Amino acid sequence: MDRYLVFGHPVRHSKSPFIHTLFARQTQQELEYGLAEPAVDEFAQALRTFFDQGGKGCNVTVPFKEQAFTLVDCLSPRAKRAGAVNTIKLTDDGVLLGDNTDGAGLVADLKSHGVTLADSRILLLGAGGAARGALAPLLAELPSELVIANRTHTKAQQLAAEFHDLGPVTAQTYEQLAGPFDLVINSTSASLQGELPPLVPALIHTDIAIYDMMYSASDTAFISWAKQHGARQTMDGLGMLVEQAAEAFTVWRGIRPGTKQVLRELKRNLGVI
């Protein structure tokens, strides 16, 4: 049976085995999917061992995505742009292909919620790996402007300059931000600590769409804050998790699984519904 893993540290909380098991059942693919939590300095060896022992593919999560970028034999265009790899496939000719499905998963989830990206004004909070992975797929949707805001402004400036050839992307400080924005995406990990990006409430209006890449059984701190200030459409990153997994499954198996039922099952598993 074909074997797949998710590498991370920590990774025991991962819902990837749950998701991919449902995908396999749905598409009648025979595979097994497990967890691997090597020490931070042992990832490279663990990755080699997995594929030497017949592994077919894997997902890579924190803190190994940038390291995986350097360990594969070739990169997809979106992985090159993201500077990180979250999906690896062993091709039929023995090549390790590195891909990044995070941004595609984000865009797919936004569209599933009816969010219009074309000609929209988007605010992206954060300038780390999550923001980097999202930029090219977001810009491919032809927004009118994409503004990056980050606590360290120079990082936002560097990121905007790097992606400027793909579309109208700029960097602003939090103090410079002026609305209206159609969509705000929080790519920072602030919600994991119950913290908020330093946004002024005046940026929130009833027609804005709010997206937090983090997720939990209840509203994240950012979503709660946005709701308090009038946002009516708010979304967390659970759908992105499922959509990026579906993209990875397609890379591995050549068949696209449906995501709606799997997302419902995942929410039920997490106690969200």
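Quantities reported herein were computed from a predicted structural model and do not represent experimental measurements.
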Visitor: Going hydrophobic residue to hydrophobic residue with side-chain gaps under 4.5 angstrom, can you get from Ile204 over to Ile185?
Guide: no

Visitor: Atom CZ in Phe69, atom CG in Leu75: separation rounded to 0.5 Å?
Guide: 5.0 Å

Visitor: Check which hydrophobic residues are tied to Ile223 through side-chain heavy-atom contacts below 4.5 Å, counting indirect links as well, and list them.
Guide: none

Visitor: Between Ile210 and Asn186, is a side-chain contact (heavy atoms from CB on, under 4.5 Å) present by the stated rule, with each step listed?
Guide: CA-CA 8 Å; Ile210 298 292; Asn186 181 22; over 6 Å; no

Visitor: If you take all heavy atoms of Gln244 and Asn86, which pair is closest and at what distance?
Guide: OE1-ND2, 3.2 Å

Visitor: In terms of heavy-atom contacts, does CG of Asp92 have more than 12 from other residues, nucleotides or ligands at under 6.0 Å?
Guide: no

Visitor: Closest approach of Phe50 and Cys58, non-hydrogen atoms and distance?
Guide: CE2-CB, 4.1 Å

Visitor: What's the verdict on side-chain contact (heavy atoms from CB on, under 4.5 Å) for Trp252 and Leu31, showing C-alpha distance, side-chain angles and the deciding distance?
Guide: CA-CA 11 Å; Trp252 295 328; Leu31 60 86; over 6 Å; no

Visitor: Between Ile148 and Gln172, is any pair of side-chain heavy atoms under 4.5 Å apart?
Guide: no

Visitor: State, with a plain yes or no, whether a side-chain heavy atom of Phe18 is found less than 4.5 Å away from one of Val262.
Guide: no

Visitor: So among Thr87, Asn59, Asn100, Asp102, which one has a side-chain hydrogen bond (donor to acceptor under 3.5 Å, both in side chains) with Lys65?
Guide: Asp102

Visitor: Please name the pair of heavy atoms, one in Arg132 and one in Phe163, separated by the smallest distance, quoted to 0.1 Å.
Guide: O-CZ, 3.8 Å

Visitor: For Leu139 versus Pro143, what's the shortest heavy-atom pair and its separation?
Guide: O-CD, 3.7 Å

Visitor: As an exercise, state the distance from NE2 of His113 to CE of Met235, rounded to the nearest 0.5 Å.
Guide: 6.0 Å

Visitor: Would the Phe7 and Phe64 ring centres measure less than 6.0 Å apart?
Guide: no

Visitor: Identify the two heavy atoms, one from Thr220 and one from Met214, that lie closest to each other, and give their separation to 0.1 Å.
Guide: CG2-O, 3.9 Å

Visitor: Do Leu241 and Leu263 have side chains that approach each other closer than 4.5 Å (heavy atoms only, starting at C-beta)?
Guide: no

Visitor: Say whether, by atom type as modelled, one donor and one acceptor occur between the side chain of Ser224 and the main chain of Ala221 under 3.5 angstrom.
Guide: no

Visitor: What are the two closest heavy atoms between Ala131 and Leu159, and how far apart are they?
Guide: CB-CD2, 4.2 Å

Visitor: For Thr49 and Gln45: C-alpha separation, side-chain torsions, deciding distance, then whether side chain to side chain donor-acceptor pair (under 3.5 Å) applies.
Guide: CA-CA 6 Å; Thr49 299; Gln45 182 58 52; 3.1 Å; yes

Visitor: Ignoring hydrogens and geometry, is there a side-chain-to-backbone donor-acceptor pair from Thr173 to Gln176 under 3.5 Å?
Guide: yes

Visitor: Taking side chain as C-beta onward, heavy atoms only, is Leu238 less than 4.5 Å from Lys267?
Guide: yes

Visitor: List for me each residue that meets side-chain contact (heavy atoms from CB on, under 4.5 Å) alongside Leu97, sequence neighbours excluded, and say none if there are none.
Guide: Cys74, Thr91

Visitor: Is there side-chain contact between Gln261 and Arg264, with heavy atoms separated by less than 4.5 Å?
Guide: yes

Visitor: What's the verdict on side-chain contact (heavy atoms from CB on, under 4.5 Å) for Phe222 and Val184, showing C-alpha distance, side-chain angles and the deciding distance?
Guide: CA-CA 11 Å; Phe222 183 61; Val184 178; 3.9 Å; yes

Visitor: If you apply the rule side-chain contact (heavy atoms from CB on, under 4.5 Å), what do you find for Leu177 with Val200, and how did you get there?
Guide: CA-CA 9 Å; Leu177 293 175; Val200 296; over 6 Å; no

Visitor: Does His205 NE2 have over 12 foreign heavy atoms under 6.0 Å away?
Guide: yes

Visitor: Do any N or O atoms from the side chain of Thr152 and from the backbone of Lys155 form a donor-acceptor pair under 3.5 angstrom?
Guide: no

Visitor: For Lys15, I'd like to know if atom NZ has over 12 heavy atoms of other residues, nucleotides or ligands within 6.0 Å.
Guide: yes

Visitor: Using salt bridge (Lys or Arg N to Asp or Glu O under 4.0 Å) as the criterion, list what pairs up with Arg78, not counting sequence neighbours.
Guide: Asp99, Glu247

Visitor: Salt bridge check, Glu162 against Arg81: does any charged N sit closer than 4.0 Å to a carboxylate O?
Guide: no

Visitor: As an exercise, state the distance from CZ of Arg253 to CD of Gln29, rounded to the nearest 0.5 Å.
Guide: 4.5 Å

Visitor: Taking C-beta and beyond as the side chain, do Leu135 and Leu166 meet within less than 4.5 Å on heavy atoms?
Guide: no

Visitor: Among the clusters formed by ILVMFWY side chains lying less than 4.5 Å apart, do Leu125 and Leu138 turn up in the same one?
Guide: no

Visitor: Run the side chain to side chain donor-acceptor pair (under 3.5 Å) check on Asp119 and Ser144 step by step: do they pass?
Guide: CA-CA 4 Å; Asp119 297 319; Ser144 62; over 6 Å; no

Visitor: Where the side chain of Ser120 meets the backbone of Ile122, is there a donor-acceptor pair that is under 3.5 Å apart?
Guide: no

Visitor: Measuring from atom CG of Leu199 to atom CZ of Phe181, what distance do you get when rounded to the nearest 0.5 angstrom?
Guide: 9.0 Å

Visitor: How far does CD of Glu265 sit from CG of Leu270, to the nearest 0.5 angstrom?
Guide: 11.5 Å

Visitor: Considering only heavy atoms from C-beta outward, does the side chain of Pro38 approach that of Leu47 to under 4.5 Å?
Guide: no

Visitor: Between Glu42 and Arg48, is there a salt bridge with N-O shorter than 4.0 Å?
Guide: no

Visitor: Check the hydrophobic clustering (I, L, V, M, F, W, Y; side-chain heavy atoms under 4.5 Å; chains of links allowed) and say if Leu22 and Tyr215 are grouped together.
Guide: yes

Visitor: Is there a side-chain contact between Val169 and Glu145 (heavy atoms, below 4.5 Å)?
Guide: no

Visitor: Near Gln193 CD, under 6.0 Å, is it more than 12 heavy atoms from other residues, nucleotides or ligands?
Guide: yes

Visitor: For Ser16, is there any backbone N or O sitting under 3.5 Å from a side-chain donor or acceptor partner on Ser14?
Guide: yes

Visitor: Is there a path of hydrophobic side-chain contacts, each under 4.5 Å between heavy atoms of I, L, V, M, F, W or Y residues, that connects Leu123 with Leu106?
Guide: no

Visitor: Say whether Phe51 and Tyr4 are linked into one hydrophobic cluster, either directly or through other cluster members, by side-chain heavy-atom distances under 4.5 angstrom.
Guide: no

Visitor: Would you compute the distance between atom CD of Glu141 and atom CG of Leu183 and round it to the nearest 0.5 angstrom?
Guide: 11.5 Å

Visitor: Distance only, no hydrogens: is a donor on one side chain within 3.5 Å (strictly under) of an acceptor on the other, for Tyr211 and Asp236?
Guide: no

